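Please read the structure below before turning to the comments.
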Amino acid sequence: MEYLIHLGVLVSIYAILALSLNLVMGYTGIISLTHAAFFGFGAYTTAILSTRTNLNFFVTVLVGMLLTSVLSLLIGRVLSKFRGDFVALGSVAFNVIVWSILINGGDFTRGPLGIPGIPRPEIFGFSFSSNSSFLILAIACLLLVFFAARFIERSSFGRVLKAIREDEEALQVFGYRVVHYKLAVFVIGACMAAVAGSLYASYITFVDPSTFTVTESIFMISIIILGGLASNKGAVIGAVVLTLLPEALRFVGFPADIAAQTRQAVYGLMLILLMLYRPQGFVGEYKL
Amino acid sequence: MEPDAQGNGSSVAKTAIWLVILVLIVGGLIVYGNKGKEKKEEVVKEPIKIGVILPLTGDAASYGEGARNVYQIAADEINVAGGVSGRMLEFIIEDSKCNGKDATSAAQKLVNVDKVQVILGGFCSGESIAATPVAAEAKVTLFSPGSSSPDLTGISPYFFRNYPSDASQGKALADTAIAKGWKKVALIQEQTDYALGVYKAFAEAFEGAGGVIVKEETSTANSDFRSQLTKLKAAKADALFVDTQTPAMSERIFKQIQDLKWSPAIIINDATAGDVKVISTYKTLLEGALTAEFSADPNNAQFAKLTADYKTKFGAELPFQAYGQTEYDAVYMIKAAIEAVGYNGEKIAAWSRTVIDWKGASGSVTIGTNGDRVGGHTVEVVKGGKIEKYQ
């Protein structure tokens with residue numbers, strides 16, 4: 001049961017990440033590989049503030065969102081100078097930069113040693129120290145993000161985002177300041193990822209830079225592509241499947257000396273098959 | 001919205017079908033894969049399950065491979081000789097990819113699904129730090145033969161390790177410095193956690209015995225140390241401790257010590273001592289320099305047997321010998337623990353604190369009340385550009 005609760009928490013965290021990336025990539029069509037950096041930024045903000053200043057977890061979440069929005073605004077400004085595929089390349093570079101800062105941050109980020117002993121959240125004397133109470137908190141955050149994403153998608157703002165994805169130039173002709181819309185959704189997505197980061201840090205109670213590499217960004221992209229781009233439900237389904245699939249494969253009795261590698265290979269094979277036969281993902285309405 | 005709604009309806013159905021297919025495939029694999037296992041279990045009665053957390057895929061996989069092989073050698077030896085109190089040892093190996101997230105998932109699975117009482121791992125310090133709360137919550141022992149971060153010292157009563165903390169060399173060096181009659185040591189420390197950890201342990205032991213330390217710090221980005229070195233030279237200390245994170249940093253400092261025409265007695269940490277090239281390049285300056293490393297002893301009979309067995313069984317040299325020796329010992333220590341107190345995580349954790357002078361492939365193992373291996377680093381000396389054991 002504890003194991004399932006643990007997986008539930010991981011699924012919630014990755015669903016938040018997928019929903020936020022989906023806003024940027026699925027609805028607006030910006031291929032961003034910087035998402036793990038924002039995830040990490042939120043995680044490190046909570047890690048540093050809650051281990052060194054005793055600030056309440058929920059305050060650290062807000063600070064993390066604020067700092068991440070500033071960071072994402074700067075990164076977004078630069079990325080908006082790029083066109084087409086170069087956005088993706090540029091975003092890889094930013095993920096690497098943020099990762100390098102984390103790993104070379106000296107005493108501040110404690111480099112590759114990471115930051116241990118991050119406390120679980122507490123509010124009005126109630127502590128989310130048990131995994132089941134943490135699951136409730138994670139699901140609550142997930143619901144908030146889900147409805148926020150749905151609200152954005154269905155608003156006039158959301159319709160402009162989809163239009164950007166379909167034909168940016170046409171929209172400019174109509175007099176829309178496309179850059180502003182793209183920046184706005186980029187910052188919103190980054191803020192949501194920061195929330196996931198804070199949850200992650202206080203759940204695992206330990207962060208180190210290895211969790212926030214470009215590979216993690218690619219994993220998030222796999223989630224939304226598998227679930228279906230431009231679908232909030234798809235993002236959640238993708239997170240459920242991609243988080244649980246490797247865990248389910250732990251129970252397959254491969255021979256011990258090749259088990260880990262075989263699991264990875266089967267996992268990869270399943271993704272390829274899914275993409276071959278269902279390229280728009282489970283419930284996607286848009287193909288890359 | 002209308003055509004969209006229709007599209008959604010059919011895609012939900014399709015999604016459901018796809019999910020069902022996925023579940024069937026995975027489920028089928030699980031049933032099929034476990035078929036053979038159950039048959040085996042009928043023959044061998046109730047094996048003792050030991051959880052293993054290792055990085056088997058990803059950047060640190062080469063460490064995980066070696067570790068798994070060493071565990072297997074040790075377990076095979078034990079099982080051939082009749083097992084532990086008549087029961088066979090069986091590993092349940094989980095991949096943790098050298099990161100905290102996968103290590104907690106692995107630990108959760110081992111603790112709550114397989115119900116193991118003791119877990120070997122993690123290897124990377126990040127794995128052990130993240131998995132400790134999971135193990136402690138379930139009163140399961142977490143026993144790491146590879147994590148060296150000082151953050152793990154005293155982290156939980158349920159955690160212990162037979163690989164020494166990075167800080168233990170600081171103490172070993174201080175003890176030798178005191179034995180040499182040194183009263184005052186000048187120290188230049190790079191501002192990194194590792195170097196800081198070594199300094200803290202050194203200072204605690206050295207100042208505790210009445211010694212005086214004159215310390216200067218330098219950032220990793222710095223390449224000009226003349227002002228710090230001039231101050232340290234003026235302190236007229238008995239020795240200079242160059243406490244850096246990388247050999248490259250030490251090399252720059254050595255060069256500037258020579259430029260100052262200063263030839264103090266030198267102490268270096270194992271990060272520098274591990275670099276053969278630096279040691280031989282600066283052999284004149286470093287003649288007689290003290291250092292401490294946790295290295296394998298080829299004259300240890302058990303260790304020699306392990307390296308020989310590894311070669312016959314896997315057709316390759318034992319990789320990462322410093323880890324191999326502790327990994328081999330770890331399996332035997334678990335055997336000793338189970339024989340002494342039974343298969344119970346809480347009791348094994350308590351037992352670990354009573355380990356004194358346990359003889360294994362990595363020499364004499366003593367576990368302190370903080371769960372760390374006591375000592376472990378051997379003091380060495382540089383002679384003619386080579387490192388030898390300090391007598």
Side-chain angles (χ1 to χ4, degrees), chain A residues 1-7 10 104 106-107 110-117 130-131 200 203-208 210-211 215 227-228 231 233-234 237 240-241 243-254 256-257 259-261 263-264 266 270 273-274 277-278 280-285, chain B residues 4 7-8 11-12 14-15 18-19 22-23 25-27 29-30 32-37 54 56-57 59 61 64 68-69 72 91-95 97-101 104-106 108-109 111-113 124-126 129-130 133-134 137-138 149-152 155 191-194 196 219-220:
Chain A
M1 195 58 199
E2 272 295 299
Y3 180 51
L4 292 179
I5 291 171
H6 164 76
L7 294 180
L10 286 187
N104 294 307
D107 279 353
R110 296 190 17 112
L113 284 173
I115 300 173
S130 79
N131 285 357
Y200 176 87
Y203 176 66
I204 304 282
T205 72
F206 171 71
V207 290
D208 70 339
S210 72
T211 316
T215 324
S231 160
K233 253 181 274 162
I237 294 175
V240 172
V241 174
T243 316
L244 297 189
L245 189 56
E247 293 298 329
L249 289 172
R250 282 191 196 276
F251 293 90
V252 180
F254 294 121
D257 46 339
Q261 293 85 336
R263 274 179 215 137
Q264 293 282 67
V266 172
M270 284 182 162
L273 290 177
L274 277 166
Y277 294 103
R278 188 115 186 108
Q280 72 276 43
F282 287 125
V283 288
E285 57 174 52
Chain B
D4 224 82
N8 269 343
S11 74
V12 167
K14 271 190 185 165
T15 308
W18 276 102
L19 284 177
L22 199 66
V23 168
I25 294 175
V26 176
L29 277 172
I30 293 173
Y32 177 78
N34 289 333
K35 234 170 148 185
K37 248 191 195 167
L54 279 176
L56 291 168
T57 57
D59 291 341
R68 192 193 53 214
N69 293 345
Q72 207 51 58
F91 292 127
I92 301 170
I93 302 170
E94 294 299 337
D95 185 12
K97 302 179 188 163
C98 199
N99 73 55
K101 183 189 78 183
T104 35
S105 297
Q108 285 281 5
K109 190 229 165 206
V111 164
N112 296 305
V113 179
C124 301
S125 294
I129 293 173
V134 178
E137 172 90 27
S149 165
D151 288 333
L152 283 160
I155 191 173
Q191 288 159 330
T192 67
D193 269 296
Y194 162 74
L196 181 66
S219 87
T220 304

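Quick note: numbers below take in every heavy atom, side chains included, and nothing from hydrogens, waters or symmetry partners. Residue numbers begin at 1 in each chain, while the letters A, B, ... track the order of the sequences. Predicted, not measured: the structure shown is a model, and the values here were computed from it.
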Using heavy-atom distances under 4.5 Å, tell me whether [X] contacts chain B through its side chain, its backbone, both, or neither.
{"X": "A:L273", "answer": "neither"}
{"X": "A:V266", "answer": "side chain"}
{"X": "A:Y200", "answer": "side chain"}
{"X": "A:L245", "answer": "side chain"}

Heavy atoms of other groups near A:E2 CD, more than 12 under 6.0 Å: yes
Heavy-atom pair count under 4.5 Å with chain A, highest-scoring of [options]:
{"options": "B:A106, B:P133, B:S149, B:G27", "result": "B:A106"}
{"options": "B:N69, B:L152, B:V23, B:D95", "result": "B:D95"}
{"options": "B:A61, B:G64, B:S105, B:C124", "result": "B:S105"}

Side chain, backbone, both or neither of [X] within contact of chain A (heavy atoms, under 4.5 Å):
{"X": "B:C98", "value": "backbone"}
{"X": "B:A138", "value": "neither"}
{"X": "B:S125", "value": "neither"}

Are A:F251 and B:V113 packed together at the side-chain level, in the sense that at least one heavy-atom pair is separated by less than 4.5 angstrom? yes
After noting the C-alpha distance and the side-chain angles of B:E137 and A:N131, does the key distance pass the side chain to side chain contact (heavy atoms under 4.5 Å, CB included) rule? CA-CA 10 Å; B:E137 172 90 27; A:N131 285 357; over 6 Å; no
Answer yes when B:E94 and A:R250 have at least one side-chain N-carboxylate O distance shorter than 4.0 Å, and no when they do not. yes
Where A:Y3 and B:N112 come nearest, the two heavy atoms and their spacing: N-ND2, 3.8 Å
Please name the pair of heavy atoms, one in A:I204 and one in B:K101, separated by the smallest distance, quoted to 0.1 Å. CD1-CA, 4.1 Å
Roughly how far, to the nearest 0.5 Å, is the CD1 atom of A:I5 from the CD atom of B:Q108? 8.5 Å
When rounded to the nearest 0.5 Å, the distance separating CD1 of A:I237 from CG of B:L19 is 6.0 Å
Take B:D151 and A:F206, measure what side chain to side chain contact (heavy atoms under 4.5 Å, CB included) needs, and give me the verdict at the end. CA-CA 11 Å; B:D151 288 333; A:F206 171 71; 5.8 Å; no
Candidate pair A:M270 and B:I25, rule side chain to side chain contact (heavy atoms under 4.5 Å, CB included), full reasoning: CA-CA 10 Å; A:M270 284 182 162; B:I25 294 175; 3.4 Å; yes
